[in-house]
Amino acid sequence: MDKKLKKGKSQELESEVYKKHTKVYPREVHGLFARLRVTGVVTLLGIYYLIPWFTWGDRQAVLFDLPARKFYIFDWVFWPQDFIYLALLLAIAAFALFFFTAIAGRLWCGYACPQTVWTEAFLWIERKVEGSRQQQIKRDKAPWTSDKIKVKATKHSLWVLFSLITGFVFVGYFTPIRELAAGIVTFQLGVWEWFWLFFYGFATYGNAGWMREQVCMYMCPYARFQSAMFDKDTLVVAYDKERGEPRGGRKRTIDPAEKGLGSCVDCNLCVQVCPTGIDIRNGLQYECIGCAACIDVCNDVMDKMGYEPNLVRYTTEHRDDGHETHILRPRIVVYAVLLLVITGSIFFKIATRIPLELDVIRDRNALYRETPEGLVANIYTLKVINMDEERHSYRLRVDGLEGLTHALDGKVLEVKSGEVLDVTEDVVVDPINLKKTSSEIIFTLESIENPELVSEQKSRFLGPLIR
Amino acid sequence: MEKKKPHKAIAILWPSFMVAVVATGIFFSTFDPVEIYHISGDGFELSGLGHYTIGFFSFWLLGAVNGFLALYFLKPCE
């Protein structure tokens, strides 16, 4: 993006908007990109609203069970110990975003961002109730009448209802949704469920109903740094100035060349459809979310005028300057390589994942205890988590000190699938064998059925020094 | 550029919200709130989602306090 434009113009614009925000009334638009966006909206909202209703075996297919500290995603069960997967997943999402932004600009903003998706749904409701852009503007300027109150009340009721459903589904990702639905009908929901239902609903209503494009302009962190991923080969929505100027109104029958006019008929429709209320003809602007609504509407106009389409179109800075557009360029390669490496590592990690976790916690109350025989004992609390699909029996080994004995030696620990076993372990050593006040000992847990299921944990053994 | 109050509020609340989401994720994947409850011994009994909700809002509040102080100290002293 043009640096000068970014600094000068946008700051000026920003202070202007900060001073007085005027409501943007995006005009309805039809066309290729609008269809793509509607497809995106329906698909993404469909996924969001339907996924919690699927069952997998005897449980909800996707459930983030916070109280039980287990995340169910279809066949997988993730535990807090699997946080690394979430981190890797977020890294993949970030690099995918960088990658697609570098290639095709703000694809995410225009078609997939929840803000766009829900705003689109809210706009649809608004149009159904309030009518077209002109009708909305006219009504907002008109004084309050019973009819206006009725229309506004209807719109907001529908918005609130839609938001509450959204909030309900959100809670349904954390609390089994069928129980939740039953709880709502009978008014027997936990206070926190109610709270999140209303909180998320309120956020949806506020963001998609009222804040809309302001979220993109002032709140979105991605909008702030996305220009860093742009270069001269990135796809952007732009107006063909050469062809369009000088703009001006004219009759359809007139040959623009005779009148000395460009292809732009100055109908202003590109401004009216813009969800952020900018004029694409002023060049690249940071407010542009790349939704391509202006392309659709302008192509409609060009078609009616009998002109060539694509006066406003997806292009690159290089192509506009008459150069070649390079798809393969260093930054794309770097993003792609990073993306592949991280994706590869997550698959590797999942493939080699050992569904067994051992936590060793030293007793906090006493450093060590002396037995009547003069030996030193340390107490540990062991947590055995069986993350496998089947029940396992484990044996525990403790190594690291000479002549060490432990209470669980030779005992079999049985843990059901998905269960956590808490056991107390007593490790006893003759103080003669202690070289330091704190020595390292190693706990090794091994499955009897499958010796490949091994988990090792280090801990410390504390004791007095006898010299 | 002097910003208006609502925008200051957004500037404080929004970044702290995002940080709170991350902090809640990291914190609760390391510590089980039920265990913290057992260790501290007292405190009031909460249902499953309660711990997480209060944890999230505590992180949000802390972040917001931080943001507020940062904005406050940015003011020229006169």
Side-chain angles (χ1 to χ4, degrees), chain A residues 11-12 14-21 64-71 78-87 89-90 171 173-176 180 189-197 199-200 203 206-207 210-211 214-215 217-222 224 359 361 364-365 381 383 385 420 422, chain B residues 1-61 63-64 66-68 70-71 74-75:
Chain A
Q11 235 167 47
E12 198 181 290
E14 199 172 21
S15 61
E16 215 175 75
V17 180
Y18 263 121
K19 266 174 210 143
K20 195 170 133 256
H21 169 251
F64 307 124
D65 192 347
L66 288 177
R69 298 173 70 72
K70 286 181 213 172
F71 284 10
F78 289 98
W79 296 69
Q81 290 79 2
D82 296 323
F83 194 71
I84 178 78
Y85 296 108
L86 184 64
L89 215 59
L90 289 177
V171 181
Y173 278 91
F174 298 91
T175 308
L180 198 68
L189 223 54
V191 57
W192 300 109
E193 277 81 8
W194 279 120
F195 171 80
W196 280 108
L197 194 159
F199 187 78
Y200 199 83
N207 281 333
W210 294 94
M211 307 280 289
Q214 297 180 82
V215 173
M217 290 188 209
Y218 307 124
M219 288 165 73
C220 180
Y222 168 66
R224 293 284 168 104
D359 278 342
I361 305 152
R364 287 185 183 84
N365 295 323
T381 305
K383 212 177 239 234
I385 308 169
V420 182
D422 281 302
Chain B
M1 182 173 59
E2 186 57 30
K3 287 184 181 177
K4 288 201 165 175
K5 272 207 176 111
H7 295 111
K8 271 187 188 159
I10 289 176
I12 292 170
L13 289 177
W14 179 235
S16 47
F17 172 85
M18 290 188 286
V19 171
V21 170
V22 176
T24 310
I26 295 174
F27 183 82
F28 284 119
S29 66
T30 318
F31 303 104
D32 184 341
V34 177
E35 264 175 27
I36 299 172
Y37 172 79
H38 283 310
I39 289 167
S40 66
D42 52 314
F44 46 99
E45 195 79 51
L46 285 171
S47 73
L49 274 179
H51 293 110
Y52 296 92
T53 309
I54 288 182
F56 168 70
F57 279 94
S58 308
F59 279 122
W60 196 359
L61 181 73
N66 185 8
F68 173 78
L71 270 193
L74 266 181
K75 275 184 170 175

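Per chain, numbering begins at 1; letters A, B, ... match sequence-line order. What you see is a predicted model; the values in this text were computed from it and never measured.
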Looking at every non-hydrogen atom in both residues, tell me the closest pair between [X] and [Y] and how far apart they are.
{"X": "A:P67", "Y": "B:Y52", "result": "N-CE1, 4.2 Å"}
{"X": "A:R69", "Y": "B:P33", "result": "NH1-CD, 3.4 Å"}
{"X": "A:P80", "Y": "B:S29", "result": "CB-O, 3.3 Å"}
{"X": "A:P221", "Y": "B:M18", "result": "CG-SD, 3.8 Å"}

Fill in the blank from the handout: Whatever's closer than 4.5 Å to a heavy atom in chain A on B:I10 counts as side chain

Exercise for the section: Sequence neighbours left out, what passes ring-ring contact (aromatic ring centres under 6.0 Å, His included) with B:F56? Give chain and number order. Expected result: A:W196, B:F17, B:W60

Problem - Side chain A:W192, main chain B:L49, donor-acceptor under 3.5 Å - result: no

Exercise for the section: Return yes when atom CZ of B:F68 has more than 12 non-hydrogen atoms of other residues, nucleotides or ligands closer than 6.0 Å, and no otherwise. Expected result: no

